Amino acid sequence: MNTGSEGATPGYLVWRLSTKWRVAVDRAVAPLGLTHAQYAVVASLHGMRHAGEHPSQRRLADHTGLEPLYVSKLARALESAGLIERTRDPRDPRAVRLALTERGEDVTRRAVTVVQTLLERLTEPLGGLDSPRTRTFTGELALLLAAPLEPPYDGGADTTAHDNDDSDHRNQSDKGTS
């Protein structure tokens, strides 16, 4: 079976896998009235609450890796749907605290179950969620996520060092991204 991954860069494969999994989660949680991004917010709130946290929007953005402005937009939509409550922090009037409503807890519990089942299917080629291969894969992904991106990527502003070496760009151009 040709998966189109022969000669692909790690960046391309991570991008394709994240897209594939995002679409799968979107489809899985849609019957519950959620998108993947909304699921990330409510599931994170659920987990953080069970760990004793009552996070602000900013803390939730840091936890999920989503932009604070996007978390604010998601939180407003989830509040309109009756799944979360947004309240001002009495100690810091600029901060907004988030909490699941009773309905939000119910929807989130069901969504977590649906996504866990999906993850079991998605990791089946590695032996399932609890397999040694999946644990190794998860560790490798965590290592990549923890690696700093400093100095910030400048978008190629300084091309003097690479003027004569565009072979890598040609090899990646047919894959869509690096």
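Remember, it's a predicted structure, so these values are computed and weren't measured experimentally.
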Q.
Looking at R86, I'd like to know if its CZ atom is crowded, meaning that more than 12 non-hydrogen atoms belonging to other residues, nucleotides or ligands lie closer than 6.0 Å.
A. yes
Q. Hey, is the main chain of G82 close enough, under 3.5 Å, to the side chain of T101 for a donor-acceptor pair?
A. yes
Q: Kindly compute the distance separating OG1 (T136) from CD (E140), expressed to the nearest 0.5 Å.
A: 7.0 Å
Q. Could you go step by step and tell me if L98 and E85 meet the side chain to side chain contact (heavy atoms under 4.5 Å, CB included) rule?
A. CA-CA 6 Å; L98 303 175; E85 295 173 339; over 6 Å; no
Q) Under a single-linkage definition using a 4.5 Å side-chain heavy-atom cutoff for Ile, Leu, Val, Met, Phe, Trp and Tyr, are V41 and L118 assigned to the same hydrophobic cluster? A) yes
**Q.** Over all atoms of both residues, closest heavy-atom pair of P55 and M48
**A.** CB-CE, 3.7 Å
Q | Polar side-chain atom of T64 near backbone of L60 as donor-acceptor pair, under 3.5 Å | A | yes
Q) For the residue pair R133 and P125, what are the closest heavy atoms and their distance? A) NH1-O, 3.5 Å
Q.
Quick check against the 3.5 Å criterion: does R97 have a side-chain atom that pairs as donor or acceptor with the backbone of D89?
A. no
Q: Determine, step by step, whether S131 and R135 satisfy the side chain to side chain donor-acceptor pair (under 3.5 Å) criterion, reporting the C-alpha distance in whole Å, the side-chain angles of both residues, the deciding distance to 0.1 Å, and the verdict.
A: CA-CA 6 Å; S131 76; R135 284 192 296 276; over 6 Å; no
Q: Check the hydrophobic clustering (I, L, V, M, F, W, Y; side-chain heavy atoms under 4.5 Å; chains of links allowed) and say if W21 and L129 are grouped together.
A: yes
**Q.** Salt bridge E105-R109, side-chain N to carboxylate O under 4.0 Å
**A.** yes
Q. Would L141 end up clustered with L13 when hydrophobic side chains under 4.5 Å apart are linked, directly or stepwise?
A. no
(Q) Under 4.5 Å between side-chain heavy atoms, counting indirect links through other Ile/Leu/Val/Met/Phe/Trp/Tyr residues: same cluster for V23 and L122 or not? (A) no
Q: Classify the angle between the aromatic ring planes of W15 and Y12 as parallel (below 30°), tilted (30 to 60°) or perpendicular (above 60°).
A: tilted
Q.
Once rounded to the nearest 0.5 Å, what's the spacing between atom CG of L34 and atom CG of D26?
A. 10.0 Å
Q. What do you reckon, is CG of L69 surrounded by more than 12 foreign heavy atoms closer than 6.0 Å?
A. no
Q: Start with the C-alpha gap between L66 and L74, add the side-chain angles, then the distance that decides, and say whether side chain to side chain contact (heavy atoms under 4.5 Å, CB included) holds.
A: CA-CA 10 Å; L66 296 171; L74 291 167; 4.0 Å; yes
Q: Count the heavy atoms of every other residue, nucleotide or ligand shown that sit under 6.0 Å from CZ of R59, and state whether that count exceeds 12.
A: yes
